[in-house]
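For reference, the structure discussed in these notes is given below.
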Amino acid sequence: MTSLLGLLAGIVPDLTAQQPSLIFSSTARADEFSDTDLRNYAAALMQIEPLRQSTLAQVSRANNGALPNLVCNQPNTMESLNSEARSLFIRYCNQCESIAASRGLSIERFNQITQAVRSNPQLQNRVRSFMN
């Protein structure tokens, strides 16, 4: 839970900084998100975070300790990975997309919320309230 709150507050490096990412380029206004969207986002985030941490460790081990800047929607970021690490990362990306979908969020919507949460303290607080 602490890392999730840190992730929302920007304390933990964001998902695009040396870590697998779901982030696609998009923007949205904070008032575009309903409580249902944010509740579903919070639930998805709580499922994704432990998976992200586990996958990072597995990819690093499989890739001889190296962990390049990996981004799910940018296949070229996987070029330096060996086949085992690449397979682990692709599985992670697919699982994240499935988790978001199981919560009623397209990957684009999930990423819109992520971007908005990172820049809006009020939105961060709304998401945090759904994590309790």
Side-chain angles (χ1 to χ4, degrees):
M1 180 72 141
T2 302
S3 65
L4 291 175
L5 295 176
L7 182 67
L8 289 176
I11 297 167
V12 174
D14 73 23
L15 294 175
T16 60
Q18 299 295 333
Q19 299 177 26
S21 175
L22 291 176
I23 305 304
F24 294 84
S25 178
S26 61
T27 58
R29 292 188 341 252
D31 62 350
E32 292 179 17
F33 306 116
S34 68
D35 282 350
T36 300
D37 281 340
L38 298 180
R39 185 176 292 112
N40 291 338
Y41 173 81
L45 190 61
M46 288 190 301
Q47 282 184 271
I48 288 171
E49 181 58 17
L51 177 63
R52 184 188 66 81
Q53 290 178 9
S54 171
T55 300
L56 286 176
Q58 291 173 352
V59 167
S60 179
R61 279 192 303 273
N63 205 46
N64 300 316
L67 192 61
N69 185 22
L70 300 169
V71 182
C72 284
N73 70 326
Q74 296 177 7
N76 63 325
T77 66
M78 292 183 265
E79 290 174 356
S80 67
L81 297 177
N82 64 37
S83 63
E84 180 184 0
R86 183 176 294 134
S87 177
L88 289 165
F89 182 66
I90 290 169
R91 185 179 73 207
Y92 163 79
C93 294
N94 291 335
Q95 288 174 311
C96 289
E97 190 169 355
S98 293
I99 289 168
S102 76
R103 298 297 180 171
L105 298 169
S106 69
I107 202 64
E108 291 81 13
R109 188 66 167 170
F110 181 91
N111 290 327
Q112 287 174 340
I113 296 170
T114 298
Q115 292 294 349
V117 164
R118 288 188 177 143
S119 63
N120 185 318
Q122 290 177 325
L123 199 53
Q124 290 174 15
N125 289 334
R126 286 178 65 196
V127 171
R128 280 190 191 111
S129 74
F130 294 121
M131 292 178 146
N132 297 325

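Numbering starts at 1 and runs along the sequence shown.
The CD atom of Gln115 sits 12.0 Å away from atom CG of Leu123, with the distance rounded to the nearest 0.5 Å. Atom-to-atom distance recorded for Phe130:CZ and Tyr41:OH is 13.0 Å, nearest 0.5 angstrom. Distance CG/Leu51 to CD/Gln58: 8.5 Å, rounded to 0.5 Å. Between the OG atom of Ser102 and the CD atom of Gln95 there is a distance of 11.5 Å, given to the nearest 0.5 Å. Between Phe89 atom CZ and Leu67 atom CG the span is 9.0 Å, to the nearest 0.5 Å.
Across every non-hydrogen atom of Arg126 and Asp35, the tightest pair is NH2-OD1, 2.9 Å. Contact record, Glu79 with Arg86: O-NH2, 3.4 Å, taken as the closest heavy-atom pair. Contact detail for Ile113 and Leu38: the closest heavy-atom pair is CG2-CD2, 3.8 Å.
The shortest distance between side-chain heavy atoms of Ile48 and Tyr92 falls below 4.5 Å. Considering only heavy atoms from C-beta on, Leu105 stays 4.5 Å or farther from Ile99 through its side chain. The shortest distance between side-chain heavy atoms of Leu45 and Met131 falls below 4.5 Å.
Among residues two or more places apart in sequence or in another chain, the side chain to side chain contact (heavy atoms under 4.5 Å, CB included) test is passed with Ser106 by Glu108, Arg109.
With hydrogens and angles ignored, the 3.5 Å screen pairs a side-chain donor or acceptor of Asn111 with a backbone N or O of Ile107. The backbone N or O of Phe110 sits less than 3.5 Å from a side-chain atom of Thr114, completing a donor-acceptor pair. Judged purely by atom type and a 3.5 angstrom limit, Gln124 uses its side chain to pair as donor or acceptor with the backbone of Val117.
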From CA spacing to verdict: side chain to side chain contact (heavy atoms under 4.5 Å, CB included), Leu81, Leu70: CA-CA 10 Å; Leu81 297 177; Leu70 300 169; 3.7 Å; yes
Do Val71 and Asn73 pass the side chain to side chain contact (heavy atoms under 4.5 Å, CB included) test, and can you show the C-alpha distance, the side-chain angles, and the key distance before you say yes or no? CA-CA 6 Å; Val71 182; Asn73 70 326; 3.1 Å; yes
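Under the side chain to side chain contact (heavy atoms under 4.5 Å, CB included) test applied with Pro68, the options Thr77, Val59, Asn63 reduce to a single match, Asn63. Tested against Glu49, the residues Gln47, Met46, Gln53 include a single side chain to side chain contact (heavy atoms under 4.5 Å, CB included) partner, Gln53.
Remark: Cys72 SG to Cys93 SG, distance under 2.5 Å.
A donor-acceptor pair shorter than 3.5 Å cannot be found between the side chains of Arg91 and Asn94.
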